[in-house]
Amino acid sequence: MIVVMKPDSTHAELDAVMKRANQMGAKTHPIYGESRTVVALVGDLTGVSREVFDEMNGVAHTMRIQEQHKLTGRTIRPDNTIIDVGNGVRIGGNEIIIMAGPCSVESRDQIVETAIAIKEAGGKVLRGGAFKPRTSPYDFQGLGEEGLKYLAEAREITGLPIITEVMTVEAVPIVSEYADILQIGARNMQNYGLLNAVGKVRRPVMLKRGMSGLLKELLLCAEYIASNGNYNIMLCERGIRTYETATRNTFDLNAIPVLKQSSHLPVVADPSHGTGYREYVAAMAKASVAAGADALIIEVHTDPEKALSDGRQTISVEDFGKLMIDLRRIAEAVDRTIDEPELEDLGAFAELEALA
Ligand code: PEP
Ligand code: MN
């Protein structure tokens, strides 16, 4: 159920509504939209009667929420959520944000060099896994905290906020210390303990769709995070497992308009995992922009053939630069923007020369 407050209602009236709801056994989530403030009542509502709220000061009206994903659905918040991920980068507005970087952080020089190339091409967020969920326990598992330190150094040099995966509840504090965005991987979409844990921290979260996750399940997993108080969530389509073997996964482009319609949260497209082959990444990246994605996350490496993970689906920095130009043109065609790179402030050129 939601209680919609009048536009001129006071803080005291809002507090009174929340207090009354809590007394009746409901959990409350105030949502401050551009046009109105509403209070979502969730949890056990058996003791809650709508009439009580209809008569309270400052209340415009009450409504039942039909959808199961109450906090992440559009009923409660018709406006898009815009997430500030730091250093002036906002995801969910008219500007489409391109996040890019290697699958894994491999060394300090690798991540710094890649970060500079990404910034030069107009990428706005640096990706890189320090804790890697690998299919085989004998494959490279990531550099762990050392990798997080290198990411932080790359952010220091380029100003790019960083996104990196957190795999376990125990690692949430350490990863939150370094990351600007916490990534929940496909394999952990329904790890409810982990979802509750990232819901309790105040870092934006990008939740990836599980390989066999339905979109309604993805939304309910996001709901776990929101119901713990963290509303800064992005939903990521990264391909699903189907009977098709020509690609690593089947990139479900449908997910983008479906999620945009049912949720106010920003939608991110991952055409790298979505296809599994670098030659298909550009096509699906462009399609994602056309379909309404708010951000893209793309695997990029200075030498993709030598990447320690996901090399086959990783594009070179040169191809990334070309792709950015095409993406800008597609964005314009759908009335969105992708910023041109800012080059002047890049004290990082000296850094790049030092590496060369
Ligand atoms: C990744 O982003 O490198 C990754 C492991 O993704 P996913 O969880 O989608 O497989
Ligand atoms: Mn990967």
Side-chain angles (χ1 to χ4, degrees), residues 1-85 90-94 176 182 192-207 215-235 258-267 294:
M1 179 181 137
I2 57 179
V3 179
V4 180
M5 303 302 293
K6 287 182 181 155
D8 59 352
S9 62
T10 64
H11 272 299
E13 287 165 345
L14 180 70
D15 282 347
V17 165
M18 296 209 281
K19 207 165 165 195
R20 193 78 187 86
N22 293 146
Q23 282 164 355
M24 290 171 162
K27 288 208 172 94
T28 49
H29 293 266
I31 315 274
Y32 305 94
E34 262 172 43
S35 47
R36 58 180 199 183
T37 296
V38 307
V39 186
L41 274 54
V42 297
D44 180 10
L45 301 188
T46 43
V48 174
S49 89
R50 262 172 87 173
E51 294 70 37
V52 171
F53 297 100
D54 284 326
E55 272 152 37
M56 287 182 78
N57 290 337
V59 172
H61 58 272
T62 56
M63 281 162 71
R64 286 249 166 250
I65 311 180
Q66 298 299 340
E67 59 219 343
Q68 268 193 303
H69 56 288
K70 298 181 189 311
L71 300 174
T72 58
R74 283 246 183 229
T75 309
I76 195 157
R77 193 189 163 95
D79 311 324
N80 290 330
T81 286
I82 299 179
I83 304 176
D84 189 336
V85 301
R90 289 155 62 83
I91 301 182
N94 198 54
S176 305
L182 302 172
Y192 301 116
L194 185 58
L195 300 178
N196 285 332
V198 297
K200 290 190 175 75
V201 297
R202 290 292 165 268
R203 281 264 177 253
V205 176
M206 184 184 81
L207 176 63
L215 293 176
K216 68 177 178 195
E217 291 166 340
L218 173 63
L219 288 166
L220 285 172
C221 291
E223 194 75 15
Y224 267 89
I225 302 171
S227 64
N228 279 282
N230 187 350
Y231 307 117
N232 290 325
I233 309 160
M234 296 157 233
L235 304 168
V258 171
L259 292 171
K260 288 302 293 177
Q261 184 185 56
S262 44
S263 175
H264 52 82
L265 299 174
V267 173
D294 298 297

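Given the structure is predicted, the values throughout are model-derived calculations rather than measurements.
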Which residues share a side-chain hydrogen bond (donor to acceptor under 3.5 Å, both in side chains) with [X], sequence neighbours left out:
X	answer
R203	none
E217	none
D79	none
N228	N196, K200

Which residues satisfy the side-chain contact (heavy atoms from CB on, under 4.5 Å) test with [X], sequence neighbours excluded?
X	value
A16	M56
E13	M5, S9, T10, N57
N80	R74, K260

Between [X] and [Y], which heavy-atom pair has the shortest distance, and what is it?
X	Y	answer
N232	N230	N-OD1, 3.1 Å
S262	L219	OG-CD1, 3.7 Å
A222	I233	O-CD1, 3.4 Å
I2	A40	CG2-CA, 3.9 Å
T75	M63	CG2-CE, 3.8 Å
V59	K6	O-CE, 3.5 Å

### Partner residues of K70 under the salt bridge (Lys or Arg N to Asp or Glu O under 4.0 Å) criterion, sequence neighbours left out
none
Atom [atom1] in [X], atom [atom2] in [Y]: separation rounded to 0.5 Å?
X	Y	atom1	atom2	result
L45	M1	CG	CE	7.5 Å
I65	L71	CD1	CG	7.0 Å
L195	L207	CG	CG	6.0 Å
L218	L259	CG	CG	6.0 Å
D294	R90	CG	CZ	12.5 Å
L41	K27	CG	NZ	12.0 Å

### Task
Take L235 and S263, measure what side chain to side chain contact (heavy atoms under 4.5 Å, CB included) needs, and give me the verdict at the end.
CA-CA 9 Å; L235 304 168; S263 175; 4.0 Å; yes
### Query
Quick one: ring-ring contact (aromatic ring centres under 6.0 Å, His included) pairs with a partner in residues 12-31, sequence neighbours left out?
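Residue pairs with at least one partner in residues 12-31: H29-Y231.
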### Task
Name all pairs fulfilling the ring-ring contact (aromatic ring centres under 6.0 Å, His included) condition that reach into residues 40-61, sequence neighbours left out, sorted by first residue then second.
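Matches after skipping sequence neighbours: none remain.
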### Query
Do R50 and R64 have side-chain heavy atoms sitting under 4.5 Å apart?
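Touching, per the 4.5 Å side-chain cut-off.
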#### Entry: Side-chain heavy atoms of V85 within contact of M234, under 4.5 Å
yes
### L265 vs H69, side chain to side chain contact (heavy atoms under 4.5 Å, CB included): CA-CA, chis, key distance, verdict
CA-CA 12 Å; L265 299 174; H69 56 288; over 6 Å; no
## Note on the structure
For H264, the ring-ring contact (aromatic ring centres under 6.0 Å, His included) test, sequence neighbours excluded, returns none
Between side-chain atoms of residues 18-26 and protein atoms elsewhere (two or more places apart, or another chain), which donor-acceptor pairs fall under 3.5 Å?
unit_1: R20; atom_1: NH1; unit_2: Q23; atom_2: OE1; d: 3.3
unit_1: N22; atom_1: ND2; unit_2: A26; atom_2: O; d: 3.0
unit_1: N22; atom_1: ND2; unit_2: T28; atom_2: OG1; d: 3.4

